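Worksheet: the structure to be examined is printed underneath.
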Amino acid sequence: LSQRALAIRKRVLGSEHPDIAASLNGLANIYCGQGRYTKAESLYRRALHIQELRLGQHHPKTGQTLHNLAVFRQKQGNLSEAFSLAERALSIRSQALGDAHPKTAATRTLLAQLEQELACADDLTVFTDGDAPSPVESDALQPFLDACCELHPRAWCRSTDLWKAYECWVQEHEERFPLSRRAFTTQLKAYGCRPDRTNRARIWRGIALLNQDR
């Protein structure tokens, strides 16, 4: 339906009418939800180009596309670019809509989330050869994974649930040297898991809890 609407608008209005940008944005959101990121990005960029050209760089609709593109980059893990895009969107929305507008508040919340995620990413430093974990440290997570988790490329679970399950497992087994949250995250990545975010929560992909009630 979105593709049909876009085709009609192009035929009637021309390829660079502002309403074309609205259709491109809607279709890009659909592609993003389907995981078709290459197509989504192309449409977002095209919509942004039209809006900047026809409406100006400080128009609320330009701010909307910048916000959408920032969320898109966040999902891809490109936090620096997402932060830059969100900053531009917030500046536009603050000026055009006011600080109290719901859309301005939404972009301000997004910017705060990205700031936190960038801080966490900076905190999770990559081990150098000299700082590599000892064999005991590198195996510290394996017993927990064997007992409570399943590793699979299509599996996922909420970050808070996974950490809570690890804390419960540590208490049950009276582990003397449990992993810190930072070390836990680093070890999960070493096992091929990767952090991600949905509209509702932070998640880990590549891992699932065997008992979701834990």
Side-chain angles (χ1 to χ4, degrees), residues 28-41 44 68-83 85-86 106 109-214:
N29 289 339
I30 294 171
Y31 282 143
C32 185
Q34 293 175 333
R36 300 164 74 179
Y37 295 132
T38 301
K39 287 192 173 184
E41 181 176 3
Y44 281 134
N68 291 347
L69 195 51
V71 172
F72 172 73
R73 281 306 198 195
Q74 181 190 35
K75 288 181 178 180
Q76 288 187 309
N78 194 330
L79 300 180
S80 296
E81 185 179 353
F83 188 86
L85 291 164
T109 299
L110 172 63
L111 197 61
Q113 291 174 349
L114 289 166
E115 190 171 16
Q116 286 184 337
E117 290 180 26
L118 281 166
C120 290
D122 289 340
D123 198 39
L124 294 172
T125 55
V126 178
F127 286 117
T128 63
D129 290 340
D131 296 327
S134 67
V136 173
E137 291 173 325
S138 64
D139 290 342
L141 195 61
Q142 187 65 58
F144 165 71
L145 296 178
D146 290 342
C148 303
C149 304
E150 177 184 7
L151 297 176
H152 190 280
R154 295 185 180 179
W156 67 274
C157 64
R158 290 165 56 98
S159 298
T160 53
D161 292 342
L162 188 60
W163 176 247
K164 181 180 178 182
Y166 176 71
E167 288 183 316
C168 291
W169 181 84
V170 165
Q171 291 179 0
E172 290 172 4
H173 291 78
E174 298 181 351
E175 289 290 309
R176 295 180 60 191
F177 303 106
L179 295 170
S180 67
R181 187 71 178 261
R182 176 179 173 180
F184 181 77
T185 298
T186 302
Q187 288 296 313
L188 283 173
K189 290 183 177 181
Y191 279 95
C193 305
R194 61 184 179 86
D196 198 358
R197 172 186 287 278
T198 68
N199 291 332
R200 295 188 177 184
R202 296 170 186 261
I203 65 172
W204 278 99
R205 296 197 182 278
I207 186 170
L209 289 169
L210 295 176
N211 182 355
Q212 295 292 341
D213 295 330
R214 294 186 68 86

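Since the structure is predicted, the reported quantities are computational estimates derived from the model, not experimental observations.
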For this session: Decide yes or no on side-chain contact (heavy atoms from CB on, under 4.5 Å) for Gln142 and Tyr191, but give the supporting numbers first.
Result: CA-CA 9 Å; Gln142 187 65 58; Tyr191 279 95; 2.8 Å; yes
Problem set entry | Derivation and outcome, side-chain contact (heavy atoms from CB on, under 4.5 Å), residues Thr185 and Ser159 | CA-CA 10 Å; Thr185 298; Ser159 298; over 6 Å; no
Exercise. Is the number of heavy atoms from other residues, nucleotides or ligands within 6.0 Å of CD (Glu174) greater than 12?
Worked result: no
Exercise. Shortest non-hydrogen contact from Leu110 to Ala86?
Worked result: CD2-CB, 4.2 Å
Problem set entry | Distance (rounded to the nearest 0.5 Å) between Arg158 CZ and Lys164 NZ | 10.5 Å
Problem set entry | NZ-CD1 distance between Lys39 and Ile30, expressed to the nearest 0.5 angstrom | 12.0 Å
Problem set entry | Heavy-atom pair of closest approach, residues Gln187 and Leu141 | CB-CD2, 3.7 Å
Problem set entry | Donor-acceptor contact below 3.5 Å, side chain Tyr166 vs main chain Leu179 | yes
For this session: To the nearest 0.5 angstrom, please state how far the CD atom of Glu167 sits from the CG atom of Leu162.
Result: 10.5 Å
For this session: Compare every heavy atom of Ala70 with every heavy atom of Ala82, then report the nearest pair and how far apart it is.
Result: CB-O, 3.3 Å
Exercise. Would you call Ser80 and Arg73 a side-chain contact if the rule is heavy atoms closer than 4.5 Å?
Worked result: no
For this session: Would you check if there is a donor-acceptor pair between the side chains of Glu41 and Tyr31 at a distance under 3.5 Å?
Result: no
Seminar exercise, completed: Value for SG (Cys157) from CD1 (Ile203), rounded to nearest 0.5 Å, stands at 8.5 Å
Exercise. When you check the side-chain N and O atoms of Glu117 and Gln74, is any donor under 3.5 Å from an acceptor?
Worked result: yes
Seminar exercise, completed: Correct closest heavy-atom pair for Cys32 and Ala40 would be N-CB, 3.8 Å
Problem set entry | Tyr44 vs Val71 side-chain heavy atoms within contact, under 4.5 Å | no
Exercise. Trp163 vs Phe184 aromatic rings, parallel, tilted or perpendicular, using cut-offs 30° and 60°?
Worked result: perpendicular
Exercise. Which atom pair, heavy atoms only, marks the closest approach of Leu209 to Asp161?
Worked result: CD1-O, 3.8 Å
Exercise. For Arg194 and Trp156, what are the C-alpha separation, side-chain angles and deciding distance, and is it a side-chain contact (heavy atoms from CB on, under 4.5 Å)?
Worked result: CA-CA 9 Å; Arg194 61 184 179 86; Trp156 67 274; over 6 Å; no
Problem set entry | Note, Trp204 side chain near Asp196 side chain (heavy atom, < 4.5 Å) | no
